[in-house]
Amino acid sequence: MPEWYGPFGGTFVPETLVPALQELESAWRSARKDPAFKREFQRLAREWGGRPTPLYFAENLTREVGGAQIYLKREDLVHGGAHKFNNALGQGLLAKRLGKTRLIAETGAGQHGVATAMVGAKLALRTEVYMGAVDMERQKPNVQRMRLLGATVRPVDHGGKTLKEAINEAFRDWITNVQSTYYLLGSAVGPHPFPSIVCEFQSVIGREILQQARSAWKALPDLVVACVGGGSNAIGTFHPLLKTPAKLLGVEAAGSGAPQAVGSASLTKGRPGVLQGMRTYLLQDAEGQILETDSIAAGLDYAGVGPEHAYLKETGRVEYTSATDTQALEAFHRLARTEGILPALEPSHALAEAIRRAATMPKEARIVVTLSGRGDKDLEVVGQHASPG
Ligand SMILES: *Cc1c(COP(=O)(O)O)cnc(C)c1O
């Protein structure tokens with residue numbers, strides 16, 4: 001369980017949080033060795049969550065693009081509609097193990113808030129979710145879902161009113177209520193040990209891809225693509241594949257694509273600094289002030305990224321690129337019309353880049369795209385943009 005990924009990661013937190021993070025680390029150390037904990041996680045993931053998810057051949061899309069075969073890892077079919085479930089369930093069980101009575105979480109697209117609210121209901125833990133006011137407006141169905149699941153949604157009304165501010169509020173809450181409260185962080189970010197805990201729970205995605213590829217093709221995928229916000233679906237996809245020859249590609253959000261726009265592309269447009277407990281790539285100005293980010297996909301709208309991705313970028317094991325709002329929307333419509341699947345706008349970024357590369361690759365090559373969530377939450381945003389044709 002590394003605290004550092006090369007020069008990235010670490011534990012940059014106020015003194016008051018150090019004991020809580022140590023308590024979490026030791027609970028996690030014992031839980032991951034405990035067969036009963038693993039069995040309970042696997043049972044609930046299977047029976048309540050719908051795992052394993054299919055590795056699906058997008059045959060019509062592949063034919064239309066006319067290059068490499070495109071496969072989708074269907075995390076959109078997980079209970080709640082996104083990969084966030086995997087991590088929320090795992091950490092919810094950790095909270096129980098620690099004897100906590102209250103869950104707090106931050107959420108951007110609302111998917112992590114929904115997953116945490118589901119887990120809070122199931123495990124009988126009082127749940128409060130911090131969410132930027134801008135995100136509450138653009139992801140209304142998820143606000144309603146959280147409330148129906150019994151969670152309290154706390155609007156965050158300062159700064160950019162998106163994910164970064166919501167995380168700050170959750171840390172503030174945790175510092176004050178550390179005895180009773182478990183902070184269920186939603187991505188592979190923050191201080192140690194959160195990035196490695198989240199990576200482990202999400203690695204079910206990459207492990208299933210490996211097994212499914214071996215049994216279906218007796219071969220590895222040539223290229224594996226995932227979108228990168230904080231980086232949890234991507235690290236969970238990539239981690240089990242790091243030691244294989246498969247080419248790995250992370251896709252960030254470039255936002256509007258205007259020349260001066262940084263979007264939310266921390267790895268492709270940022271530089272190293274410290275934010276929210278970790279040293280990683282950040283979107284910042286010359287003085288180190290964090291920049292306002294911008295993306296059509298609320299779940300990607302974040303100025304930082306998980307520290308392991310920063311490391312994998314520097315070592316060159318994973319390639320990182322970005323896709324614009326427009327490219328993501330095109331991919332969204334294309335998948336809807338060829339395959340009858342409405343993807344979330346976040347993985348539509350990964351799909352856009354996968355489609356672009358597929359066209360340049362031979363027909364025998366296989367690409368796997370992690371479809372991290374379904375698009376129901378995005379219908380209002382998509383409706384505000386002209387659909388092609
Ligand atoms: C939250 C979310 C993301 C981005 O978060 P990561 O931690 O980068 O995975 C991507 N896709 C969906 C569907 C999401 O809900």
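These figures come from a predicted structure and were not determined experimentally. All heavy atoms count here, side chains included; hydrogens, waters and symmetry mates do not. Each ligand, and each atom within it, is numbered from 1 in the order the structure gives.
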Before accepting this row, confirm whether a basic side-chain N of the pair Glu169/Arg154 lies closer than 4.0 Å to the acidic partner's carboxylate O. no
Single-linkage hydrophobic cluster Trp174~Val119, side-chain heavy atoms < 4.5 angstrom: yes
Which option wins on minimum heavy-atom distance to atom 1 (C) of ligand 1: His112, Glu75, Lys84? Lys84
Atoms of ligand 1 less than 4.0 Å from Gly373 heavy atoms? 13 (C)
Is it true that Arg334 and Glu64 make a salt bridge, defined as a side-chain N closer than 4.0 Å to a carboxylate O? yes
Going hydrophobic residue to hydrophobic residue with side-chain gaps under 4.5 angstrom, can you get from Leu300 over to Val134? no
Side-chain heavy-atom pair Met118, Trp48 within 4.5 angstrom cut-off: yes
Between Lys164 and Glu292, does at least one N-O distance fall below 4.0 Å, as a salt bridge requires? no
As an exercise, identify every atom of ligand 1 less than 4.0 angstrom from a heavy atom of Ser232. 6 (P), 7 (O), 8 (O), 9 (O)
Checking the N or O distance criterion of under 3.5 Å, is ligand 1 in contact with Gly230? yes
In ligand 1, which numbered atoms sit nearer than 4.0 Å to a non-hydrogen atom of Gly231? 6 (P), 7 (O), 8 (O)
As an exercise, identify every atom of ligand 1 less than 4.0 angstrom from a heavy atom of Cys227. 10 (C)
Which residue supplies the protein heavy atom nearest to atom 4 (C) of ligand 1, what is that atom called, and how far is it? Gly299 O, 3.2 Å
Is the Lys NZ or Arg CZ of Lys313 less than 6.0 Å from the centre of Tyr281's six-membered ring, within 45° of the axis? yes
Backbone of Leu291 reached by a side-chain donor or acceptor of Thr293 within 3.5 Å: no
Can a non-hydrogen atom of Gly108 be found less than 4.0 Å from any atom of ligand 1? no
We want to know whether Asn86 and Glu75 form a side-chain donor-acceptor pair, criterion being a heavy-atom distance below 3.5 angstrom. yes
Nearest non-hydrogen protein atom to atom 7 (O) of ligand 1, with distance, is Ser187 OG, 2.5 Å
A student checking ligand 1 against Gly229 at a 4.0 Å heavy-atom cut-off should list atoms 8 (O)
Polar proximity ligand 1 side, Asn233 side, N/O cut 3.5 Å exclusive: yes
Atom indices of ligand 1 within 4.0 angstrom of Gln111 heavy atoms, with elements: 15 (O)
For atom 11 (N) of ligand 1, grab the closest protein heavy atom and report residue, atom and distance to one decimal in Å. Ser372 OG, 2.7 Å
Contact with ligand 1 for His83, non-hydrogen, under 4.0 angstrom: yes
